[in-house]
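To keep things clear, I will list the structure first and then write my remarks on it.
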Amino acid sequence: MILRLCLSKEGPARFISHLDYSRAIERALRRAQIPVQFTEGFNPRMKLSFADALPVGMVSRAEWLDVHLKASVDPAEAKRRLGASLPAGVRVLELFVIPDNLPPLTSLLEAVTYEATVRLRDCPDHGKLIQHFLRQEEIRVERPSRGVIDVKGSLLDLRGEVRDGKLIVYMTTSGEKTVRPEPVIRALDDFGGSWLDLDSLRVEKTGMVFRGSSLTGG
Amino acid sequence: MILTDQIEALLPHVSTPGRYTGGELNSVVKRPEDVSVRFALAFPDVYEVGMSHLGSHILYKVLNDIPDVACERVYAPWVDMETLMRQNGVPLFSLETRTPVREFDILGFSLEYELSYTNVLNMLQLAGIPLRSSERGESDLLVVAGGPCVFNPEPMAPFIDAFVIGEAEEAVVELVRVYREWKGHRRELLERLAGITGVYVPSFYDACYDGERYLGLKRIDSAVPPKIRKRVLRRLEGAPYPVRPIVPFINIVHDRAVLELFRGCTRGCRFCQAGTIYRPVRERELESLAQMARELISNTGYNEISLASLSSADYPRIQELMERLSDELIGTGVGLSLPSLRVDTFSVELAKEVEKVRKSTFTFAPEAGTDRLRRVINKGITHDQILEACRAAFEAGWDGLKLYFMIGLPTETDQDIEGIAELAREVKKEYGRSGTSRRSLKLHVSVSNFVPKPHTPFQWEAQDSMEELQRKQKFLAKWLRPLGVKLSTHDVRTSFLEAVFARGDRRLAQVLEKAWQYGAHFDAWREQLNFDAWRRAFEHTGIEPRFYATRARDENEVLPWDHIDAGVTKAFLWKERLKALAAETTPDCRFGPCQFCGVCSSEVYSG
């Protein structure tokens, strides 16, 4: 039996690495006494497969993973038990059974959605500015210690709204070529002439889009 | 900005922010308004090191089990975090409620190794607490310390209001009770604390000197005891144990559940301080251990449980215990580990139980290179027994071996060091004869430098000079190189400082303070050690470090820790020293007759 889960990563848990996060999930599964399958070999590990790895510090409401079980469980009961065993900052948002023959999540990932919040320094016409930003022939962003790239092809959508002196950016990036939202926001700030207070930037991963209706196999 | 937001704002800019978040599973958060005593339990090193320390988990449980006491954890921020905290005016804070440490009632440090002392000073300053006990006023919190280092508390005496000597499970409860009932002046609190068995309030004692020579302590208050008896739990069975320990978010040094089988060790290795200060041996019952193991796993979800003690294979029913645990854990993906094994075939048998599939590296600690020197240190194993144990490990399929040794031991000659290489050569030959794998043997020799410790038969010995230790390291490397053996050594400067502070007196406090002012901190971290700061501190204070490290003491010299009663008599230690020099061994009283070390008949244990 395979369980497909969507978990959150927030609060204290947002400051841990992906490796530490997956270890915390393993421990919670053991505390919840969910019969997880182990890998073969010298160093048996629980069979978990994550759709993606989240960078340290980012809040997420969409950490999808598959958990392979060696015995079947009642999903509602598993959800209750796991929910009670998870550490602070990790909640079960979705949990359901999927057919055994579905392709792995990583191969189905189509897009990732983010919500970025940043305080405004200036109040230009943000709608127009974003439009011009997106209409550039190349959207060049600088990634910390990894050089400049053009994200035009992998930035699928970007919209903004202003609320309480803050700009809220809804961003969708391609699942194939990973683009982190922070460099995009920095480029947007640069494009508009330092109109954002980048120190206040908070990014949250809000969703993952998978190909077709294959998420549930239905 | 409130403190918690200030801290969160720093976290994206530091390495391993998970050190500072708190909120881990099983951490205990109490509302300040619901408690009457707030206790900050501090460890003067980074989170990953401090969280691996069993004693802190025990005290955390003991204190938080008291309904009106809140115990919260504090660790030394790593250098990047410290810089940001100083730049932004963020004081040292607790993890549970992110409260500034100076708002607590009691601050308790675990002193596990001498090279963490500068971190204590740094943490006090980051907390905004006056460094010296004498500078603290009525509004300052109480600063206490415990741990193995306080068996010679003198170098830290001016900075600590009260030391708890020995096992603190019971003493810390009494300490909190006294604190809760106390009303009035700070001095009255200290007087009452000094009345608790095992508590040493250094400000009630003056240190006397004659020139360089230390003459002893003079009580300035006749109500305080002339000698401070260490605290010992009469029974370990039934003593409180953290079966619901905090499970860290991030990977720590010892990232596993820990089951303490017994406390104390009577093997009697003459260099070993733990062998004295944790005496006598006290065991937990097998049934209780099995139950504790079950609870540990269901409360933590760890995939490994370590059977910890000073020499785990000495637990009388160890095989039965391991079989019980293996049966229960089968199919859960939880493994057992045995961290401290003897050099014998029985230990190899036990390890085979543990590592049914994984064949990693086997570790033995022969400690010295020749039979003669092993008799001197009372590590009662022979060359042949070592080879036999190695053979058993090879036949069982291990193809990695790590051997621990010390250099600079009393009476050591170059022949003993050649003996290390000789042993390595024979171990390799043994592998050729009995190794089952086609792979070649991965042999790793790890060599540390001998540091004479208080309350051991070697407490009177001189440490080798840094130059001599370096020469011996090079000498050994020359012998090992042609064998293709991996050699790791310890920094001789670190061992030198350790020796100075292990047997130091109160005068060293000024050196500590100076060295810290010159930038010394995290001295146990090789890349952080700032030896120049230490050199300048010794020069500035006019204190000669070699007086403490490389000088032999005679029988009648007053030692700075003579007022600390560890239960084992000085006469026994001296007798053991003489036997060492004659290369005579002393048997383990656990498996034979009493050797009259004094601990069982002392008031420490019976009183």
Side-chain angles (χ1 to χ4, degrees), chain A residues 9-48 55-59 67-71 81-82 84-90 119 144 180 182 197-203, chain B residues 1 4-5 7-27 29 47-48 81 88 95-96 98 244-252 255-257 294-305 329-335 355-360 397:
Chain A
K9 186 171 185 267
E10 55 207 334
R14 85 175 208 262
F15 290 108
I16 63 177
S17 68
H18 181 68
L19 191 67
D20 290 334
Y21 183 68
S22 71
R23 198 171 19 228
I25 307 301
E26 281 186 31
R27 288 172 183 163
L29 287 164
R30 185 172 288 110
R31 287 192 294 272
Q33 295 180 352
I34 291 172
V36 184
Q37 209 176 313
F38 282 85
T39 59
E40 305 285 323
F42 282 153
N43 204 349
R45 295 289 305 263
M46 282 189 185
K47 273 186 95 170
L48 312 180
V56 176
M58 195 184 288
V59 170
V67 179
H68 296 252
L69 304 184
K70 59 185 175 196
R81 285 218 306 257
L82 181 60
S85 303
L86 285 165
V90 188
R119 261 199 303 272
R180 298 291 177 215
E182 292 89 344
D197 173 12
L198 290 177
D199 283 341
S200 68
L201 177 62
R202 282 286 165 93
V203 180
Chain B
M1 224 196 301
T4 183
D5 292 338
I7 294 163
E8 297 256 322
L10 303 184
L11 295 187
H13 309 288
V14 298
S15 58
T16 326
R19 286 167 176 158
Y20 313 105
T21 58
E24 308 95 319
L25 188 86
N26 298 338
S27 55
V29 183
Y47 178 90
E48 294 93 314
M81 181 66 168
N88 293 279
L95 293 187
E96 276 74 4
R98 292 182 177 170
R244 189 180 286 279
I246 298 170
V247 182
F249 275 117
I250 62 171
N251 199 4
I252 61 170
D255 212 359
R256 55 189 76 96
R294 257 192 304 271
E295 289 179 36
L296 274 167
I297 295 303
S298 74
N299 291 335
T300 62
Y302 273 123
N303 67 356
E304 186 180 339
I305 182 159
L329 298 172
I330 210 149
T332 59
V334 179
E355 302 211 15
K356 282 199 176 103
V357 274
R358 275 173 283 193
K359 284 282 177 275
S360 55

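Quantities reported herein were computed from a predicted structural model and do not represent experimental measurements. Protein chains get the first letters and strands the later ones, always in sequence-line order, with residue 1 at the start of each.
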>> If I measure from the heavy atoms of chain B, does A:S200 come under 4.5 Å with its side chain, its backbone, both, or neither?
In response: neither

> What part of B:T300 is in contact with chain A, defined as an atom under 4.5 angstrom from a non-hydrogen atom: side chain, backbone, both or neither?
Replying inline: backbone

> So, for B:N299 and A:R31, which heavy atoms are closest and what is the spacing to 0.1 Å?
Replying inline: O-CD, 3.6 Å

> Measuring heavy-atom distances to chain B, does A:R14 have an atom under 4.5 Å in its side chain, in its backbone, in both, or in neither?
Replying inline: side chain

> Looking at B:G22 and A:P12, what are the two nearest heavy atoms and their distance?
Replying inline: O-CB, 3.4 Å

> What distance separates A:E26 CD from B:N303 CG, expressed to the nearest 0.5 Å?
Replying inline: 7.0 Å

> So what's closer than 4.5 Å to chain A heavy atoms on B:T332: side chain, backbone, both or neither?
Replying inline: backbone

> chain B heavy atoms under 4.5 Å from A:A13: which part of the residue, side chain, backbone, both or neither?
Replying inline: both

> Should the heavy atoms of other residues, nucleotides or ligands under 6.0 Å from CZ of B:R294 be counted, would the total exceed 12?
Replying inline: yes

> Which distance, rounded to the nearest 0.5 Å, do you find between the CG of B:L25 and the CZ of A:R27?
Replying inline: 9.5 Å

> Side chain, backbone, both or neither: which part of A:V56 has an atom under 4.5 Å from a heavy atom of chain B?
Replying inline: side chain

> What part of B:D255 gets closer than 4.5 Å to chain A, counting heavy atoms only: side chain, backbone, both or neither?
Replying inline: both

> For A:R119, does the CZ atom have more than 12 heavy-atom neighbours from other residues, nucleotides or ligands under 6.0 Å away?
Replying inline: no

>> Using a 6.0 Å cut-off, check whether atom CZ of A:R180 has over 12 heavy atoms from anything other than its own residue.
In response: yes

>> If you count heavy atoms of other groups shown closer than 6.0 angstrom to CD of A:E10, is the number above 12?
In response: yes

>> Please rank B:G23, B:P17, B:G18 by heavy-atom pairs under 4.5 Å with chain A and give me the top one.
In response: B:P17

> Closest heavy-atom contact between A:I16 and B:F249?
Replying inline: CG2-CB, 3.4 Å

>> Distance check, rounded to the nearest 0.5 Å: A:F15 atom CZ versus B:L11 atom CG?
In response: 4.5 Å

